[in-house]
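The structure under discussion appears below in the form of structure tokens.
In what follows, every chain begins at residue 1, and chains take the letters A, B, ... in the order their sequences are listed.
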Protein chains: 2
Amino acid sequence: MRIVQFERGSAAMTLAEPEAPSHTSAEPTKLGRKRDHTRDPEILQCAVDVLAEEGYDGMTIEMVAARAKAGKATLYRRWASKSELVIDAVACMKKGDTDPRKLPDTGTLRGDLVAMIKPHSIEDGEKKLKVMTGLASLLARSPELADAVNAAIVDPRAKVNRLFFERAIARGEIPADCDVDTLSMVSPSMTAYRTLILKKSVDRPFLISLIDGVILPAVGLRAPAAV
Amino acid sequence: MRIVQFERGSAAMTLAEPEAPSHTSAEPTKLGRKRDHTRDPEILQCAVDVLAEEGYDGMTIEMVAARAKAGKATLYRRWASKSELVIDAVACMKKGDTDPRKLPDTGTLRGDLVAMIKPHSIEDGEKKLKVMTGLASLLARSPELADAVNAAIVDPRAKVNRLFFERAIARGEIPADCDVDTLSMVSPSMTAYRTLILKKSVDRPFLISLIDGVILPAVGLRAPAAV
DNA sequence: CAGTTTCGGAACTGTTGAGTTTCAGAACGT
DNA sequence: ACGTTCTGAAACTCAACAGTTCCGAAACTG
């Protein structure tokens with residue numbers, strides 16, 4: 001590879017800009033076959049899949065094209081470079097179980113935390129972690145990419161935990177002076193480490209031991225005796 | 001790159017085998033200039049440096065050779081491939097502040113944990129983390145490399161923490177039923193996450209907040225009022 | 001010393017993959 | 001219908017890099 005620049009002024013919003021017709025001034029109203037933008041998300045999804053399996057350097061444009069049954073040229077018509085394709089691909093992973101609406105609200109901190117442990121969440125989280133693994137060495141060199149990764153993967157997860165802690169403080173369940181900043185990072189950090197470094201699987205028992213062995217004791221709560 | 005195999009039966013012990021003269025049977029006692037093995041560690045150190053700065057895919061043999069003021073051919077005379085060089089380089093990072101002898105023993109868990117926060121330790125840890133970042137996406141594909149990384153970086157750190165907890169249990173400072181396995185991963189995990197993903201610096205205040213905000217509360221201890 | 005093997009440096013080979021171009025055919029506007 | 005612009009597929013260019021080979025000088029053995 002060598003010095004991947006990621007320099008250009010962001011790709012990112014291929015989706016959000018639905019080809020404004022713009023009859024403002026003398027626009028000739030383009031002729032001919034139209035670009036099929038409905039396939040963009042499909043292609044980006046393929047890029048994410050390849051990225052998760054191969055990492056940034058292992059991923060080739062041809063792999064993505066082949067998986068999407070598209071031509072390499074088609075990809076280059078839509079994204080200026082591999083870097084921009086990847087940035088867009090990462091950005092489109094955003095949607096997960098972190099929509100502020102659909103979060104659990106069980107009335108206890110433990111209940112909320114445990115309610116987030118769903119097979120689908122785990123699977124989704126592991127995939128995101130795999131993508132992050134393959135991007136890890138680039139994060140330092142590309143602020144663009146780091147931002148995209150942050151917005152799509154890191155931030156949402158941290159915000160959810162933070163909300164749970166703040167609600168628990170509001171209802172007086174845990175002390176107001178506990179270190180929410182650090183505590184809300186415990187679970188994302190330790191699942192990431194377990195996946196990326198230890199290469200162990202993140203399963204329900206592990207997540208429960210995080211909650212009952214670290215997080216709850218740290219805020220002065222105890223796990224229920226019967227598990 | 002593409003399918004880096006790392007298949008060969010370990011490089012690893014270029015250092016440990018000091019070219020046994022072996023006058024056992026009919027050895028012709030090799031002629032000519034001798035290979036200068038005193039430079040091996042120096043070269044491996046250069047490899048580690050490049051690895052930390054560029055990652056596996058960004059690192060080229062020529063970079064390492066140039067930094068070590070050696071010829072590319074010399075490197076290939078000593079290591080069969082880039083992969084083997086990297087495995088050896090990682091293995092030679094082992095030595096750190098984790099020698100079982102020189103560990104602190106202050107009489108309290110907090111004392112021991114805080115005593116490990118030294119500028120040199122932090123620096124050393126960050127470099128190892130950087131190397132690991134650049135290797136992250138390969139770890140899944142190369143058991144050889146994963147083993148080397150584990151032995152040189154991950155294990156030593158986990159063992160130190162584990163020892164501190166066990167001593168604290170032995171002297172009755174913390175309950176015997178606390179989750180040592182998980183707790184001893186808290187600090188390595190969270191420093192790794194902070195470095196690799198969050199790209200924030202691991203400084204003393206952060207490490208103190210880990211100890212006083214998470215680990216100590218989780219085992220039922222309190223930080224001293226005055227910090 | 002003569003023969004052998006190392007050394008660093010430079011010139012080589014071969015492959016891989018980013019990005020481009022070409023093309024026949026499909027889908028659109030008029 | 002007819003020209004335009006899209007499409008996937010394949011053939012290209014070009015640079016980087018792993019790994020090899022060759023060189024003249026240095027260092028060792030006998």
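A sub-4.0 Å separation between OP1 or OP2 of C/dG8 and a side-chain N or O of B/Thr74 is present. For D/dG8, the OP1/OP2 oxygens have no side-chain nitrogen or oxygen of A/Arg35 closer than 4.0 Å.
Proximity note for B/Thr60 (side chain, C-beta onward) versus D/dC17, C/dT4, D/dT7: the nearest is D/dC17. Listed candidates were D/dG19, D/dT29, C/dC28. Nearest to the side chain of B/Lys34 is D/dT29.
Nearer to the 5' terminus of DNA chain D, by closest-nucleotide assignment, is the contact made by B/Arg77 (compared with the other of B/Arg33 and B/Arg77). The nearest heavy atom of DNA chain D to A/Glu62 and to A/Gly71 marks one nucleotide each, and the one closer to the 5' end goes with A/Gly71. Sequence order on DNA chain C of the closest nucleotides to B/Gly32 and B/Ala66 puts B/Gly32 first from the 5' end.
Taking the side chain as every heavy atom from C-beta outward, B/Ser184 and B/Phe164 never approach each other to under 4.5 Å. Looking only at side-chain heavy atoms (C-beta outward), B/Leu145 and B/Tyr56 stay at 4.5 Å or farther from each other.
One interatomic measurement links the two molecules: CD of B/Glu42 to P of C/dC7, which rounds to 13 Å at whole-angstrom precision. We find that CZ of A/Arg78 is positioned 17 Å from P of C/dG19, with the value rounded to whole Å. For B/Glu84 and D/dG19, the CD to C1' distance is 13 Å, given to the nearest whole Å. The nearest whole Å value for the distance from the CD1 atom in B/Ile61 to the P atom in D/dC17 is 12 Å. Atom OH of B/Tyr76 and atom P of D/dC17 are 12 Å apart (whole Å). Going from atom CG of B/Leu31 over to atom P of D/dA26 covers 20 Å, rounded to whole Å. Atom CG of A/Asp40 and atom C1' of D/dC6 are 13 Å apart (whole Å). Separating the CG atom of B/Leu85 from the P atom of D/dA18 is a distance of 11 Å, rounded to the nearest angstrom.
Contact annotation for A/Ala73: base contact, defined as any heavy-atom pair under 4.0 Å involving a base atom. Using a 4.0 Å heavy-atom criterion, one finds that B/Lys69 contacts the sugar-phosphate atoms exclusively.
At a cut-off of 3.5 angstrom, the base of D/dG19 holds at least one donor-acceptor pair with the side chain of B/Lys72.
Within a 6.0 Å radius of NZ in A/Lys69, other residues, nucleotides and ligands contribute 12 heavy atoms or fewer.
Tested against A/Met190, the residues A/Thr195, A/Leu198, A/Leu210 include a single side chain to side chain contact (heavy atoms under 4.5 Å, CB included) partner, A/Leu210.
Listed here is the closest heavy atom pair of B/Ala192 and A/Tyr193: CB-CD1, 3.6 Å.
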